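The structure appears below as structure tokens.
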Amino acid sequence: SPIPSHLVFSTSLRCRLPVLLFVFQGVLLLIFVLFTTYDGHTDAASQPSDVDPAGNQLYAFFSLFQDIQLMLLVGLGLLLAFMKGYGVSAVAYNFLLSNFCMQWALIVQGFIYHYHEGKIHLGLYNLLTAEFATVAVLISAGAILGRTTSEWLILSYFQAVDIGGSVTVHVFSCYFGLGASIALYRSGLQTGHPKETPSYISDLLSLVGAIFLWVFWPSFVSVLVHPGDGQHRAVLHTWVALSASVLTTFAISSLLEKKGKVSMGHLQNATLAGGVAIGTVADMAINPGGAFLLGILSSLACILGFKYMTPFLANKLRIQDQCGIHNLHGLPGIIGAVAGIATILPPLQNATVEPVFIGETLGRSASQQALFQAVGLGVSVIISLVGGYLTGLLLKLPFLAQPPDQFCFDDELYFQIQKPLETLSVDQVDEDLQMPLKNKVGLP
Amino acid sequence: SPIPSHLVFSTSLRCRLPVLLFVFQGVLLLIFVLFTTYDGHTDAASQPSDVDPAGNQLYAFFSLFQDIQLMLLVGLGLLLAFMKGYGVSAVAYNFLLSNFCMQWALIVQGFIYHYHEGKIHLGLYNLLTAEFATVAVLISAGAILGRTTSEWLILSYFQAVDIGGSVTVHVFSCYFGLGASIALYRSGLQTGHPKETPSYISDLLSLVGAIFLWVFWPSFVSVLVHPGDGQHRAVLHTWVALSASVLTTFAISSLLEKKGKVSMGHLQNATLAGGVAIGTVADMAINPGGAFLLGILSSLACILGFKYMTPFLANKLRIQDQCGIHNLHGLPGIIGAVAGIATILPPLQNATVEPVFIGETLGRSASQQALFQAVGLGVSVIISLVGGYLTGLLLKLPFLAQPPDQFCFDDELYFQIQKPLETLSVDQVDEDLQMPLKNKVGLP
Amino acid sequence: SPIPSHLVFSTSLRCRLPVLLFVFQGVLLLIFVLFTTYDGHTDAASQPSDVDPAGNQLYAFFSLFQDIQLMLLVGLGLLLAFMKGYGVSAVAYNFLLSNFCMQWALIVQGFIYHYHEGKIHLGLYNLLTAEFATVAVLISAGAILGRTTSEWLILSYFQAVDIGGSVTVHVFSCYFGLGASIALYRSGLQTGHPKETPSYISDLLSLVGAIFLWVFWPSFVSVLVHPGDGQHRAVLHTWVALSASVLTTFAISSLLEKKGKVSMGHLQNATLAGGVAIGTVADMAINPGGAFLLGILSSLACILGFKYMTPFLANKLRIQDQCGIHNLHGLPGIIGAVAGIATILPPLQNATVEPVFIGETLGRSASQQALFQAVGLGVSVIISLVGGYLTGLLLKLPFLAQPPDQFCFDDELYFQIQKPLETLSVDQVDEDLQMPLKNKVGLP
């Protein structure tokens with residue numbers, strides 16, 4: 001075995017993962033059996049006899065819900081599979097973690113928002129909001145509890161607007177992740193890890209994953225917008241911003257990189273930046289030109305971040321940002337938040353099409369609402385950084401079995417995959433190239 | 001050529017496949033031209049002048065129909081591509097077989113259920129029911145006629161309930177396939193085949209295929225449920241069961257496998273078990289907790305099946321279950337059928353939300369209906385085993401050109417794919433790694 | 001570096017691509033900001049107070065729009081990734097080009113069809129029609145301006161019928177591409193290029209791409225049909241034609257190829273031919289049998305084209321048809337156009353179900369309309385060939401940086417991808433197989 005037994009012991013999942021999952025599933029089973037029931041859309045008894053079945057909330061959300069599932073599980077899974085020898089882990093852990101978080105969010109959000117008469121009332125809408133909480137976790141690979149608190153503060157307490165999640169999803173999860181990364185810093189990995197490199201096929205699959213995300217991003221941004229013209233604008237704006245990001249990415253990357261060759265990392269990330277930045281203002285009347293501008297600015301910021309900020313964070317501030325989340329989620333998220341503030345401020349308002357903001361019904365002026373939006377952004381950054389840092393300290397506790405440096409980014413540690421090559425022979429190369437070879441089947 | 005000519009002759013598709021397909025397409029063309037016409041939803045002449053076009057049945061089914069097409073052709077195709085050197089065959093034959101079966105089912109179901117005034121009346125609904133028949137065939141790779149008989153017996157004669165197909169799709173196709181496998185037993189393959197192993201990339205693609213199936217499974221289970229709250233419950237229950245299966249799979253697999261490493265086979269199969277088990281009861285008021293429990297139990301049964309039952313079947317009963325269909329479809333399907341019986345039996349009924357079962361309108365008591373459900377399960381197992389065995393004997397007839405043992409699981413037998421390595425040189429390794437090499441393009 | 005500096009200079013994208021894209025994005029940004037606004041479905045101010053939000057045009061198109069996005073970006077991207085060492089370029093340039101064209105088409109079509117009161121009025125419908133224009137460009141990799149002209153002539157001037165784009169999309173883009181290919185002929189590539197070969201994994205991914213296209217093709221054909229029974233017929237016909245194409249492809253390919261082995265190229269193309277041919281008549285009452293026949297004929301023509309016509313074009317007429325677009329789009333598109341003429345001609349009309357054609361409202365007889373259809377086909381072929389040839393000449397201008405022959409079909413020219421093997425050692429083989437190797441991580 002290539003892994004010495006004393007190391008295997010300390011990183012083995014045999015004890016910790018099953019115990020954690022068994023306890024979690026046991027507790028969840030109890031809660032599901034004792035404390036859940038159907039909501040008004042899934043309960044047969046609460047349907048009036050004259051209700052039109054086609055009006056069930058299911059039909060407003062189901063196809064968008066599945067678009068987002070496909071984004072998270074196939075798109076994000078493949079996007080994260082960009083390191084050679086870590087593809088299976090990326091896809092599989094993304095799958096496990098998203099289910100873990102959705103179950104948790106279903107229950108936590110259920111007890112907070114949907115608990116009455118002794119029961120959590122469940123329907124597709126709950127799955128959808130749990131999915132949104134999970135997106136944040138998958139981005140930061142952090143913990144869900146912190147985000148729920150922050151979301152409540154921003155959306156309920158400050159009544160800030162953030163329909164597509166620029167601040168509550170992207171900015172939050174980015175700084176949460178960076179906070180944890182500060183706590184988890186490993187000096188041994190500062191100069192880069194030998195396995196932290198892509199291969200041809202992992203780069204190709206990662207690009208396909210990014211395109212899945214790109215295609216379904218308008219569903220993600222628009223799903224929680226009120227039906228009608230608002231949702232229609234959100235789809236239009238998101239597509240325009242994403243499309244501007246694609247062309248800008250090719251332009252900037254080709255300009256900045258050696259010999260004009262486009263960087264795969266830029267392609268896999270900055271083409272999505274417009275989707276992050278459009279989040280806060282997606283359904284406002286910002287004009288298609290505003291969306292175009294956001295797409296250009298956000299992918300520009302993203303590539304400059306990869307080029308200059310990530311090395312700076314790693315070398316000077318000792319923050320390791322493995323997947324460049326600060327470039328894809330942090331910077332474009334902040335751009336989106338600023339766009340939200342700018343859109344609400346009076347001077348930019350268009351006489352014929354006024355942006356509708358939630359603050360109007362609270363008797364706030366536009367300037368006051370803009371202030372609350374800014375406060376919401378600041379709160380998100382602070383809570384996420386602190387929460388992430390504390391979570392990182394927690395993850396360093398000895399019983400949580402961190403792998404030693406040399407086993408980072410290695411599928412073989414946690415999955416039964418094909419053995420690596422020990423010696424090189426025709427047969428073995430053939431095996432790994434997945435091709436039949438005549439002398440394997442015992443022909444004369 | 002690596003394959004001696006006398007072997008090539010006996011397995012060549014040149015005569016048999018084209019002849020079979022030409023005859024089939026010729027007969028189908030005649031039937032389509034002479035015996036098909038449009039149904040009430042596709043016929044322009046039968047639309048009242050005041051009909052709302054948005055109410056056309058197309059809009060109730062189309063997106064779900066395409067979800068299921070994607071499941072079958074991309075999801076199942078990739079899932080089956082887990083053997084190195086057999087990926088192209090898996091995806092391509094899955095594509096061919098699903099079209100063959102859907103055409104056949106369209107005509108057979110058409111003559112039985114939709115034939116009047118001398119014509120089969122076709123619309124999207126026919127495609128959808130043909131798709132369901134095809135799922136069973138793709139699982140068992142058996143024949144469609146048997147299933148149609150069984151389906152008619154279970155659903156029409158016994159009036160049993162099985163909305164998501166736990167019994168009529170999964171249990172049936174599983175035992176049909178095992179029946180055929182008994183007849184097709186090859187002692188030469190008992191100890192395993194050298195090509196019957198996955199590679200890194202085939203394992204990764206197979207996992208992505210499983211996730212496609214996982215994402216769209218709620219569409220599959222809910223598409224035939226009546227619109228409204230029932231369909232909404234089916235979606236909710238299916239998601240909850242599937243999600244519990246994911247966490248349970250990681251937990252059990254990590255617990256049972258060496259060094260706590262999760263098995264790829266478990267991951268690709270047991271995460272879907274909850275979707276199989278929920279089939280019968282998907283739209284009943286079983287409470288989300290019931291769905292959670294079914295997800296846990298079915299993936300537990302699936303993994304234990306892989307660990308202990310598949311070797312037992314192979315060694316003691318000489319039944320080769322290549323893809324573990326008994327673990328993913330047989331055991332969870334039976335769990336689903338039992339759940340259906342338990343849900344209908346009076347003691348488990350909830351006073352406020354009664355399960356609605358088809359038997360009520362027949363004047364049956366709940367116990368009587370439960371009995372009919374149990375009989376339906378038994379009938380499905382018996383007909384499928386016998387039908388599968390007879391089909392297997394049929395497939396052994398000499399003119400059907402079975403490949404010799406050593407060519408099993410080999411793409412090269414039926415497809416023009418890249419030549420295997422004969423000798424090892426830098427150039428050839430490069431070719432197979434799909435990378436350009438400077439000395440290939442004749443630079444100075 | 002494997003590429004000599006004097007060659008690198010002449011093909012570097014550093015100057016040309018960024019400059020082109022910056023200028024394009026700058027101009028587009030100006031146009032978006034100055035000349036675009038919302039249409040009646042996206043503008044909040046133009047919604048009557050009693051409007052039903054669920055009736056917004058968004059809901060009629062959005063899921064079909066995304067199906068087509070997935071077809072173009074994932075399906076077509078992967079389908080084109082069939083050459084080893086050119087997969088990243090295929091997917092990435094497909095992504096860039098489709099966004100470039102959609103932005104351009106959005107503006108050009110906007111000024112022509114949706115410009116009033118000094119503004120282009122935008123909504124999802126504009127994105128959809130821009131998407132259709134883009135399909136043609138992606139097929140021919142030609143220029144959008146020509147097609148817009150041709151489309152206007154065929155659909156507006158001749159009032160010809162072509163709902164699913166057999167003529168305006170497939171025939172046009174095919175001959176446009178061939179016209180360009182004539183102008184761009186390279187004698188050095190006549191005997192084939194060493195890199196112009198697939199590998200095992202690229203063939204598999206390309207097949208998966210074809211299946212994505214196959215699954216969503218009914219969305220593409222039906223999206224612009226009027227809602228109701230017509231759209232329902234379009235979906236039914238498209239599925240029937242595509243399915244007949246699959247079985248016919250396996251039959252013919254196995255019959256014609258050596259040892260009865262199915263050709264991957266046939267499988268990746270001819271299975272889609274029925275979808276091309278059904279375009280013109282998709283919503284007419286041609287009977288499902290007519291669709292079946294079109295599926296069979298078109299895939300037969302496609303395979304015969306690959307087998308006999310492509311070599312003839314290359315050797316005798318010096319037209320290089322790299323991806324076989326004449327076989328998949330040209331021949332089946334012409335079959336579709338002829339089917340349209342035959343369906344409209346009186347002798348073939350069915351007394352009970354008359355095809356509705358746009359000419360009726362113009363006071364044309366059926367024969368007159370059939371004539372206009374034929375003229376439309378001829379116009380499409382002529383304009384596209386000439387337009388393509390002129391575009392090809394344009395592309396030969398020296399400042400456009402064509403790569404030298406030996407760098408054609410090579411990812412490394414434009415993307416930062418993994419280095420090719422220079423020497424062969426265990427470590428490097430391991431790297432390219434994407435597998436961890438124990439001696440890489442410095443174990444004792």
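Chain identifiers are assigned alphabetically (A, B, ...) following the order of the sequence lines, protein sequences preceding nucleic acid strands; residue numbering begins at 1 within each chain. All values derive from a computational prediction rather than experimental measurement.
With values rounded to the nearest 0.5 angstrom, A:Arg233 atom CZ is found 11.5 Å from C:Leu58 atom CG. Atoms CG and OG, from C:Leu96 and A:Ser254 in turn, are 10.0 Å apart once rounded to the nearest 0.5 Å.
Between C:Thr36 and A:Phe292 the shortest side-chain heavy-atom distance does not fall below 4.5 Å. At a threshold of 4.5 Å between non-hydrogen side-chain atoms, the residues C:Phe62 and A:Pro218 count as touching. A:His232 has its side chain out of reach of C:Tyr38: every pair of non-hydrogen atoms, C-beta onward, lies at least 4.5 Å apart. For the pair C:Leu70/A:Phe212, a side-chain contact is recorded, criterion being any heavy-atom separation below 4.5 Å from C-beta on. Using a 4.5 Å heavy-atom threshold, the side chains of A:Asp229 and C:His41 count as separate. Under the 4.5 Å side-chain criterion, counting only non-hydrogen atoms from C-beta, C:Leu127 is in contact with A:Trp239. Within the 4.5 Å cutoff, side-chain heavy atoms of A:Val235 are placed close to those of C:Leu124. With contacts defined as side-chain heavy-atom distances shorter than 4.5 Å, the pair C:Leu29/A:Leu293 qualifies.
With a threshold of 4.5 angstrom between heavy atoms, C:Leu30 does not approach chain A through any atom at all. For a residue to count as touching a neighbouring chain, one of its non-hydrogen atoms must lie under 4.5 Å from one of that chain's; by this rule C:Phe35 does not touch chain A. Proximity to chain A (any heavy atom under 4.5 Å) is shown, for C:Leu28, by both the backbone and the side chain. Residue contact with chain C, scored on non-hydrogen atoms closer than 4.5 Å, is absent for A:Thr249. Both the backbone and the side chain of A:Leu247 come within contact range of chain C, with heavy atoms under 4.5 Å apart. Looking at A:His266, neither its backbone nor its side chain comes within 4.5 Å of chain C, counting heavy atoms on both sides.
Within 6.0 Å of OH on C:Tyr125 lie no more than 12 heavy atoms contributed by other residues, nucleotides or ligands.
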Side chain to side chain contact (heavy atoms under 4.5 Å, CB included) assessment of C:Asn56 paired with A:Gln231: CA-CA 9 Å; C:Asn56 194 293; A:Gln231 202 164 30; over 6 Å; no

Verdict with supporting geometry, A:Leu236 and C:Leu122, side chain to side chain contact (heavy atoms under 4.5 Å, CB included): CA-CA 8 Å; A:Leu236 178 67; C:Leu122 292 178; 4.2 Å; yes

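Using bins of under 30°, 30° to 60° and over 60° for the plane-to-plane angle, the ring pair A:Trp214/C:Phe95 lands in the perpendicular bin.
Across A:Ser219 and C:Gln66, no two heavy atoms sit closer than the pair OG-OE1, 2.9 Å.
With no hydrogens or angles considered, a side-chain donor-acceptor pair links A:Ser243 and C:Asn99 at under 3.5 Å.
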